[in-house]
Q: 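The following block contains the structure, expressed as structure tokens.
Only this structure's heavy atoms are used, side chains among them; waters, hydrogens and symmetry mates stay out.
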Amino acid sequence: MDIDIAVFYTSLVAVVLMILVGLFVSKKKWIDGRTNKVIINLLLNVAWPCALLLSFPSGYSPAHLENFLWGAGGGFLILVTVILVSRLLFRKKRHPHNYFEYQFAFIFNNASFLGFPLVSAIYGQDGLVPYSGFIIIFNLALFGYGVALFRQNFSIKELAKTFLNPNVIAVLLGFTMFLSSFELPKVGEDTVRYLGALMTPMSLLCIGFMLSRVKIRQIFKQKILVLTCLAQLILDPLITFLVLKLIGAPLLVIQILVLIQALPTATSLGLFAEKYRSKSRSSVNQASELVALSTIMSAVTLPIILWIMFSFLGL
């Protein structure tokens, strides 16, 4: 699938501008921390599931089915590899107090709040098919292994609950509708589409709000945070490219998953820290700093990685 580079970077600039609007809104105090949490909950439980539900084409296609399976299978291999690398880079002996945060930051990126808007804008519905396959695996890992990192224990019961995550259910339901060529009634489809349309602007406003609460100069002085973010922003897309090339994945799947893995650390890092480590303000603060620093640094690393991807790797 050939991509118009001008369209690609125009979409990227539009995303950045919406994040800046979120920063401006926060500075004006039109959004506070409580409002931001409410918006995030609505996005994760309503807008994103609706967007994912309609991410599949209305009619069955063997080519789309193949891309969906490549997205899921490739995502599984990528996440397993990245988890193993994170355990080597950020060992408990070296970082006894915050190793789980560094591992989480390295493994999980902003595939939801940034990934969906970018893939949707640049690749359209064709791109959302492998993205949906990947996001099933991503959510299972996020709410399974990701939660286990913060709780520092693994529970099969907790992992089973991830299948009840609204986003996983939405993708599975959308996949079933795709296989059966079932279409929602017009009024139902319009309702779901309008709710899903909230995903892109509101998620980017939330990222802008988060950036407004961080003291930029201070976090750049923390060497471990800078190194963690550099490792995540550079090694993740490289690992993704090598894994997908090794298994012979289609060009479209490689493009999309490399793009996703080049995105900054997931905003859920801060949410998980707030939920599971609320008694430790230093842990919560550092989690927010990791997310903010990774997001800021990605403004430099992401265009470079995409330039290399298109100019030298033949993607």
Q: Parallel, tilted or perpendicular: which one describes the rings of Phe178 and His64, with boundaries at 30° and 60°?
A: perpendicular

Q: Can a donor-acceptor pair be found, under 3.5 Å and without considering hydrogens, that links the side chain of Thr191 to the backbone of Val187?
A: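 The answer is yes, because a donor-acceptor pair under 3.5 Å joins these two groups.
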
Q: Apply side-chain contact (heavy atoms from CB on, under 4.5 Å) to the pair Ile78 and Leu244, showing each step before the final yes or no.
A: CA-CA 8 Å; Ile78 291 165; Leu244 294 180; 4.1 Å; yes

Q: Is any side-chain heavy atom of Leu128 less than 4.5 Å from a side-chain heavy atom of Tyr123?
A: no

Q: In this structure, would Val291 and Leu227 fall into the same cluster of hydrophobic residues linked by side-chain contacts under 4.5 Å?
A: no

Q: Write down the atom of Ser26, the atom of Phe209, and the distance for their closest heavy-atom approach.
A: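 So the minimum-distance heavy-atom pair works out to OG-CD1, 3.3 Å.
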
Q: Is a donor on one side and an acceptor on the other found under 3.5 Å between the side chain of Asn109 and the backbone of Ala262?
A: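 No; judged by distance alone, with no hydrogens or angles, the pair does not exist.
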
Q: If you take all heavy atoms of Phe138 and Leu79, which pair is closest and at what distance?
A: CA-CD1, 3.8 Å

Q: Can you give me the closest heavy-atom contact between Ile247 and Gly74, atom names plus distance?
A: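 Taking Ile247 first and Gly74 second, the nearest heavy atoms are CD1-CA, 4.4 Å.
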
Q: Ignoring hydrogens and angles, tell me if any N or O in the side chain of Gln232 forms a donor-acceptor pair with the backbone of Leu263 under 3.5 Å.
A: yes

Q: Do Asp32 and Trp30 make a side-chain contact, defined as non-hydrogen atoms from C-beta onward lying under 4.5 Å apart?
A: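 Answer no - side chains too far apart.
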
Q: Hey, could you give me the CD/CD1 distance between Glu101 and Ile224, rounded to the nearest 0.5 Å?
A: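 Result: 11.0 Å between the selected atoms.
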
Q: Check for a donor-acceptor pair, side chain of Thr35 on one end and backbone N or O of Ile31 on the other, with a separation under 3.5 Å.
A: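 It does not hold such a pair.
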
Q: At what distance, to the nearest 0.5 angstrom, does CZ of Phe106 lie from CG of Leu235?
A: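 Separation between the atoms: 5.0 Å.
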
Q: Please report the shortest heavy-atom distance between Ser298 and Pro303, naming the atom on each side.
A: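 Result for this residue pair: O-CD, 3.6 Å.
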
Q: Can you tell me how far CG of Asp190 sits from CG of Leu195, rounded to the nearest 0.5 angstrom?
A: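 One finds 11.0 Å between CG of Leu195 and CG of Asp190.
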
Q: State, with a plain yes or no, whether a side-chain heavy atom of Leu142 is found less than 4.5 Å away from one of Phe104.
A: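 Leu142 reaches Phe104 side chain to side chain.
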
Q: Report whether Val80 and Val82 are members of the same hydrophobic cluster (ILVMFWY, side-chain heavy atoms less than 4.5 Å apart, transitive linking).
A: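 Same cluster.
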
Q: Give the C-alpha distance, both sets of side-chain angles, the deciding distance and a yes or no for side-chain contact (heavy atoms from CB on, under 4.5 Å) between Leu259 and Gln255.
A: CA-CA 6 Å; Leu259 169 63; Gln255 287 180 343; over 6 Å; no

Q: If we ignore hydrogens and angles and just use 3.5 Å, is the side chain of Thr240 paired with the main-chain N or O of Asp236 as donor and acceptor?
A: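 Answer holds: yes.
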
Q: List the atom of Val129, the atom of Phe68, and the distance in Å for their closest heavy-atom pair.
A: O-CD1, 3.6 Å

Q: Compare every heavy atom of Ala105 with every heavy atom of Thr228, then report the nearest pair and how far apart it is.
A: CG2-CB, 4.2 Å

Q: So, do Leu118 and Ile260 sit near enough that their side-chain heavy atoms are less than 4.5 Å apart?
A: no

Q: Rounded at 0.5 Å granularity, tell me how far OG1 in Thr295 sits from CG in Leu290.
A: 10.5 Å

Q: Within a strict 4.5 Å, meaning less than it, do heavy atoms of the Ile256 and Phe134 side chains meet?
A: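 Not in contact.
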
Q: Can you measure from CG (Leu149) to CD1 (Ile83) and round to the nearest 0.5 angstrom?
A: 8.0 Å

Q: Would the distance check show the side chain of Glu189 and the main-chain N or O of Glu183 forming a donor-acceptor pair, the cut-off being under 3.5 Å?
A: no

Q: I need the Leu77 CG to Leu246 CG distance, nearest 0.5 Å.
A: 9.0 Å

